[in-house]
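In what follows, every heavy atom counts, from backbone to side chain, and hydrogens, waters and symmetry copies are set aside. Quick caveat: nothing in here was measured; it's all calculated off a predicted structure.
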Amino acid sequence: MARNKQRDRAAAAVSVVETVDGGLAELIPDRERPRGWTLLIDGAPQSHVDLDDPAHLAFEYQRRLGHIADLAAPPNRPLQVVHLGGGAFTLARYVAATRPRSTQQIVELDGPLVQLVRRELPLDAGARIRVRSTDARAGLAKVQDGWADLVIADVFSGARTPAHLTSTEFLAEVRRVLRPGGFYAANLADGPPLTHLRGQIATAAAVFPELALTADPTVLRGRRFGNAVLLASDTALPVAELTRRVATDPHPGRVEHGRALADFAGGAVPVTDASAKPSPVPPASVFR
């Protein structure tokens, strides 16, 4: 009976559609979760949020990022996190729910999108989350040296990561912001022949001594376009535990690191500001 009432309330929710700087934003109600919503920009899914259960991560790549947040410090210890790219603030809500008293900064260029999310999917008033409407790299430059335990990059403009967020110069700024032992995690999107992904691995390797990559095996084999999460640090990574968690996801993934990851990069060269390009355009079939 209670479940039926929840579904009735969810069915009564209606989509919210507004034009934002990045295109047409849609908030679509989740029929299975009474206060669950999916954010789409120009038809491309960006985020899923459950206001009743912010620890629920529906998207595969967000689960991978959630695992990294879980492993960024001992359980229950508050984190200091910089989120480059806001979406519906999904990962910031997750960290606030799983690590109370964390202090977080969200940098999201699209001001109208920020206003839409704040109005329709309000943050917990007690969460220590600051939102800045500015360019991700410009916002990162304002963060003090060694402030962050974790920097998460999940920035897409028209379904592509902007070129200036793919270079060694950008990652040098990320490393400056991280405390010793801090983690950098990036959501990357690519498809065959995986040129962009291989280049991003080489770029991160030029700045950070320790890397790992997690994704669906079919993406890593270059059989389809999809997301991969890159993890980097100046210290040894919890590869075994990350591998275990990713393997037990609803959509199991694979983790590559060390020699296997270097072989996967296949001699790709680091990207600089002078050579940087946006990530590739996803095929239309990805969003069908």
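- For the atom pair CZ (Phe59) and CG (Leu91), the distance works out to 11.5 Å, reported to the nearest 0.5 Å.
- Under the 3.5 Å distance criterion, with hydrogens and angles disregarded, a donor-acceptor pair is assigned to the side chains of Thr218 and Arg224.
- Annotation: salt bridge (Lys or Arg N to Asp or Glu O under 4.0 Å) contacts of Asp110 (sequence neighbours excluded): none.
- No single ILVMFWY cluster, assembled from side-chain heavy atoms under 4.5 Å apart, contains both Leu230 and Leu150.
- Considering only heavy atoms from C-beta on, Leu84 comes within 4.5 Å of Val151 through its side chain.
- The side-chain heavy atoms of Arg93 and Val49, taken from C-beta on, include a pair separated by under 4.5 Å.
- The two residues Ala204 and Leu211 make their nearest non-hydrogen contact at CB-CD2, 3.7 Å.
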Enumerate, atom names and distances included, each donor-acceptor pair closer than 3.5 Å involving a side-chain atom of residues 13-25, sequence neighbours excluded.
| from | atom 1 | to | atom 2 | distance (Å) |
| --- | --- | --- | --- | --- |
| Glu18 | OE2 | Arg119 | NH1 | 3.4 |
| Glu18 | OE2 | Arg119 | NH2 | 2.2 |

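- Atom CG of Asn187 sits about 8.5 Å away from atom CD of Gln62, to the nearest 0.5 Å.
- Between Ala127 and Ala96, the shortest heavy-atom distance links the atoms CB-CB, 4.2 Å.
- In this structure, Leu165 and Ala136 approach most closely via the heavy-atom pair CD1-CB, 3.9 Å.
- In His164, the NE2 atom is crowded: over 12 heavy atoms of neighbouring residues, nucleotides or ligands sit closer than 6.0 Å.
- Under the 4.5 Å side-chain heavy-atom criterion for grouping Ile, Leu, Val, Met, Phe, Trp and Tyr, Phe156 is not connected to Leu188 through any hydrophobic cluster.
- Under the 4.5 Å side-chain criterion, counting only non-hydrogen atoms from C-beta, Asp234 is in contact with Pro180.
- Residues Ser233 and Gly182 share a closest heavy-atom pair of OG-O, 2.8 Å.
- Residue Ile41 is grouped with residue Val131 when hydrophobic side chains (ILVMFWY) are merged at heavy-atom distances under 4.5 angstrom, including chains of intermediate members.
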Where do Leu231 and Leu213 land on the side chain to side chain contact (heavy atoms under 4.5 Å, CB included) test, with the steps shown first?
-> CA-CA 6 Å; Leu231 173 60; Leu213 184 76; over 6 Å; no
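- For the side-chain hydrogen bond (donor to acceptor under 3.5 Å, both in side chains) test with Tyr61, the passing option among Asp154, Asn227, Asp216 is Asp154; the others fail.
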Which atom pairs, one a donor and one an acceptor, fall under 3.5 Å between side chains of residues 68-75 and the rest of the protein, sequence neighbours left out?
| from | atom 1 | to | atom 2 | distance (Å) |
| --- | --- | --- | --- | --- |
| Asp70 | OD1 | Tyr94 | OH | 2.8 |
| Asp70 | OD2 | Tyr94 | OH | 2.9 |
| Asp70 | OD2 | Arg245 | NH1 | 3.1 |

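- Separation of atoms CG (Asp53) and CZ (Arg35) is listed at 11.5 Å; rounding is to 0.5 Å.
- At most 12 heavy atoms of other shown residues, nucleotides or ligands fall within 6.0 angstrom of atom CZ in Arg130.
- No side-chain donor-acceptor contact under 3.5 Å links Glu256 to the backbone of Leu261.
- In this structure, the side chain of Asp190 engages the main chain of His196 through a donor-acceptor pair within 3.5 Å.
- Both Val82 and Phe208 belong to a single network of hydrophobic side chains, linked directly or stepwise wherever heavy atoms of I, L, V, M, F, W or Y lie under 4.5 Å apart.
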When you look at Leu65 and Val229, which way does the side chain to side chain contact (heavy atoms under 4.5 Å, CB included) test go after all the steps?
-> CA-CA 7 Å; Leu65 291 170; Val229 172; 3.7 Å; yes
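- In terms of heavy-atom proximity, Ala138 sits nearest to Asp135 at N-OD2, 3.1 Å.
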Does the side chain to side chain contact (heavy atoms under 4.5 Å, CB included) test come out yes or no for Arg118 and Phe89, once each step is laid out?
-> CA-CA 9 Å; Arg118 280 189 177 277; Phe89 311 159; 4.3 Å; yes
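- Put simply, the side chain of Trp37 does not reach to within 4.5 Å of the side chain of Asp50, judged on heavy atoms.
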Per-pair distances, 0.1 Å, donor-acceptor, side chain in residues 267-276, under 3.5 Å, sequence neighbours excluded:
| from | atom 1 | to | atom 2 | distance (Å) |
| --- | --- | --- | --- | --- |
| Thr272 | OG1 | Ala274 | N | 3.4 |
| Thr272 | OG1 | Ser275 | N | 3.4 |
| Thr272 | OG1 | Ser275 | OG | 3.3 |
| Asp273 | OD1 | Arg137 | NH1 | 2.9 |
| Asp273 | OD1 | Ser167 | OG | 2.6 |
| Asp273 | OD2 | Arg137 | NH2 | 2.9 |
| Ser275 | OG | Thr272 | N | 3.1 |
| Ser275 | OG | Thr272 | O | 3.4 |

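- Annotation: the span from Arg254 atom CZ to Thr243 atom OG1 amounts to 11.0 Å, rounded to 0.5 Å.
- Not counting sequence neighbours, Glu210 has no partner by the salt bridge (Lys or Arg N to Asp or Glu O under 4.0 Å) test.
- Of all heavy-atom pairs spanning Asn76 and Arg101, the tightest one is O-NH2, 4.1 Å.
- Formation of a donor-acceptor pair under 3.5 Å by the Arg179 side chain with backbone atoms of Gly146 is not found in this model.
- A donor-acceptor distance shorter than 3.5 angstrom exists from the side chain of Ser279 to the backbone of Thr161, with no hydrogens or angles considered.
- Counting non-hydrogen atoms of neighbouring residues, nucleotides and ligands closer than 6.0 angstrom, the CG atom of Asp145 exceeds 12 such neighbours.
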How far apart are the C-alpha atoms of Gln105 and Val81, what are their side-chain angles, what is the distance that settles it, and do they pass the side chain to side chain contact (heavy atoms under 4.5 Å, CB included) test?
-> CA-CA 6 Å; Gln105 300 183 40; Val81 186; over 6 Å; no
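- Taking the ring axis of Tyr184 as reference, the NZ or CZ atom of Arg175 does not stay both within 45° of it and closer than 6.0 Å to the ring centre.
- Within the 4.5 Å cutoff, the side chain of Ser157 has heavy atoms near those of the Pro162 side chain.
- Within the 3.5 Å criterion, the main-chain N or O of Gln80 finds a donor-acceptor partner in the side chain of Asp149.
- Glu60 meets the salt bridge (Lys or Arg N to Asp or Glu O under 4.0 Å) test with Arg64; sequence neighbours excluded.
- Note: the hydrophobic cluster containing Leu51 also contains Leu39 (ILVMFWY, side chain heavy atoms under 4.5 Å, direct or indirect links).
- For the atom pair OG1 of Thr103 and CZ of Arg128, the computed distance is 5.0 Å after rounding to the nearest 0.5 Å.
- With hydrogens and angles left out, the side-chain atoms of His251 and Arg63 include no donor and acceptor closer than 3.5 Å.
- Using a 4.5 Å cut-off on side-chain heavy atoms (C-beta onward), Ile106 and Ile129 make contact.
- Looking at Val177 and Leu140, their side chains come closer than 4.5 Å, going by heavy atoms from C-beta outward.
- Counted by atom type alone, His83 and Gln104 present one or more donor-acceptor pairs between their side chains at under 3.5 Å.
- To the nearest 0.5 Å, atom NE2 of residue His48 and atom CG of residue Leu40 are 11.0 Å apart.
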